[in-house]
2 protein chains.
Amino acid sequence: MRNHREDVVDQALRVLDTYGLADLTMRRLAKELGVQPSALYHHFPSKQLLLAAVADELLARGARPEPDGTWEEQSRACCTQLRDAMLAYRDGAEVVATVHAFGLGAQAPERALADAVAGSGAAPDLVRAATRTLLHLVFGHTLDEQTHLQAGSAGAIDDDPRDRSDLEVGVGLVLDGIRARTAAPHP
Amino acid sequence: MRNHREDVVDQALRVLDTYGLADLTMRRLAKELGVQPSALYHHFPSKQLLLAAVADELLARGARPEPDGTWEEQSRACCTQLRDAMLAYRDGAEVVATVHAFGLGAQAPERALADAVAGSGAAPDLVRAATRTLLHLVFGHTLDEQTHLQAGSAGAIDDDPRDRSDLEVGVGLVLDGIRARTAAPHP
DNA sequence: ACCTGAACACCGTTCAAGT
DNA sequence: ACCTGAACACCGTTCAAGT
């Protein structure tokens, strides 16, 4: 079949979105590519690293141009973009959160968020803590949201706005906390 | 062998702590109990529900008496207790966070946290959003912390304080945000 | 109530060998 | 560079049958 690395990732994303993470197996993916399971190990040394590439590609496809505005607007935009990117694929939040937790990929959102938060002028330790807090908040809320979304996939036209607003409120709490801790250098 | 439900959960916790979540399989657990794998299905209808019972028991073992003090002290105490309970077992954070995400158990911490946060007198919607935010924050930070802790398990005497303080800072940001949004009724 | 024995339908990964 | 074929060492779950 002569697949390239990108073909494998592309097909993996298709299998993920169509059948879900539980059915994204090496054997299933191989079958979908018309290839033996062992052939996949020519492109990736393990399933974990394949999933890391899948997470990175998923995030890249959801990337939007860098937002301008205040650091708070930029931070909110980062969070929204991350949420939207993960929701765009079935089980996207689980894939991204897992890959990030194991430190194998999905690191771009943390960097973007750190840059935005740093715009507040807060001390580096506070920037790091706040960035991680926002990231975990987006991961957690979106994981919940996607689980409910997919559980009640029968009939539901669009998403329960409760989850989205809970996320926005949570982000707001953290941003306010940063502002309160950051003395304006020269008002 | 005539095991009871509690014996199964107890042994599962032992296997988890000794060999980790990846090795906590129905077959492995059955072998450890001196029983056939199919026997476990007399006690639990699925591995998922067994894991839910494991998460609940893990949390119950880490339970401490209800703290007194201000709502902020109580909230901090809830977060610390949850973190400590999950860190007390190998892969504890992953088990609890997963079970909670799927809505099969591990709901006690959210209730306790909601009660503490409600003491602020904030509006119900804010209490709900803030509670979920704190919960996701503790799950995320502790998952990271435990991953690093277990990855560098060789030689490291005690934990890197960076993670713990990041969690405390994150909780502080959220609590400050709640206070700022909650007008004192009669000062 | 609790368990056995046997089966079903799968997994991830390795490795020599092919083109 | 990319893939095959075959194997290894596993999984969760079901179900008739036993005590």
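In what follows, chains are A, B, ... by sequence order, proteins preceding strands, each numbered from 1. Note that the structure is a prediction, hence the values are computed from the model and not measured.
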If you only use heavy atoms from C-beta on, which nucleotide in [options] is closest to the side chain of [X]?
X: Lys47(B); options: dC2(C), dG12(D), dT4(C); value: dG12(D)
X: His43(B); options: dC2(C), dT19(C), dT13(C); value: dC2(C)
X: Pro37(B); options: dT13(D), dG12(C), dC2(C); value: dT13(D)
X: Tyr41(A); options: dG12(D), dA1(D), dT13(C); value: dT13(C)
X: Arg27(A); options: dC11(C), dC3(D), dC11(D); value: dC11(C)
X: His4(B); options: dC2(C), dT14(C), dC2(D); value: dC2(C)
X: Val35(B); options: dT4(C), dT4(D), dT19(D); value: dT4(C)

Worked verdict on Asp84(A) versus Arg164(A) for salt bridge (Lys or Arg N to Asp or Glu O under 4.0 Å): CA-CA 11 Å; Asp84(A) 291 349; Arg164(A) 199 216 296 221; over 6 Å; no

In whole Å, what is the span from the [atom1] atom of [X] to the [atom2] atom of [N]?
X: Arg2(B); N: dC3(C); atom1: CZ; atom2: C1'; value: 7 Å
X: Phe44(A); N: dC2(D); atom1: CZ; atom2: P; value: 12 Å
X: His42(B); N: dT13(D); atom1: NE2; atom2: P; value: 17 Å

Side chain Ser46(B) and base dG12(D) donor-acceptor under 3.5 Å: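 Counting by modelled atom types and ignoring angles, no donor-acceptor contact under 3.5 Å is found here.
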
Polar side-chain contact Ser38(B)-dG5(C) base: donor and acceptor under 3.5 Å: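 Yes, a donor-acceptor pair under 3.5 Å.
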
Greater than 12 external heavy atoms within 6.0 Å of Arg28(A)'s CZ: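 Atom CZ in Arg28(A) is packed in, count exceeds 12.
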
Phosphate contact (dG5(D) OP1 or OP2) by Gln36(A) side-chain N/O below 4.0 Å: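 Indeed, a polar side-chain atom of Gln36(A) lies that close.
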
Nearest-0.5 Å distance, CZ of residue Arg132(B) to CG of residue Asp144(A):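 If I round to the nearest 0.5 Å, the distance is 5.0 Å.
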
Spacing of CZ belonging to Arg14(B) relative to CG belonging to Leu24(B), to within rounding of 0.5 Å: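 Going from CZ on Arg14(B) over to CG on Leu24(B), the span is 12.5 Å.
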
C1'-based separation of dA16(D) from dC3(C) [nearest Å]: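 One C1' to the other, the span is 13 Å.
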
Pairwise C1' distance, dC11(D) and dC8(C) [rounded to whole Å]: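 That atom pair is separated by 12 Å.
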
Complementary nucleotide for dG18(D) - Watson-Crick or wobble, under 3.5 Å: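 Answer to the pairing question: dC2(C), which forms a Watson-Crick or G-U pair with dG18(D).
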
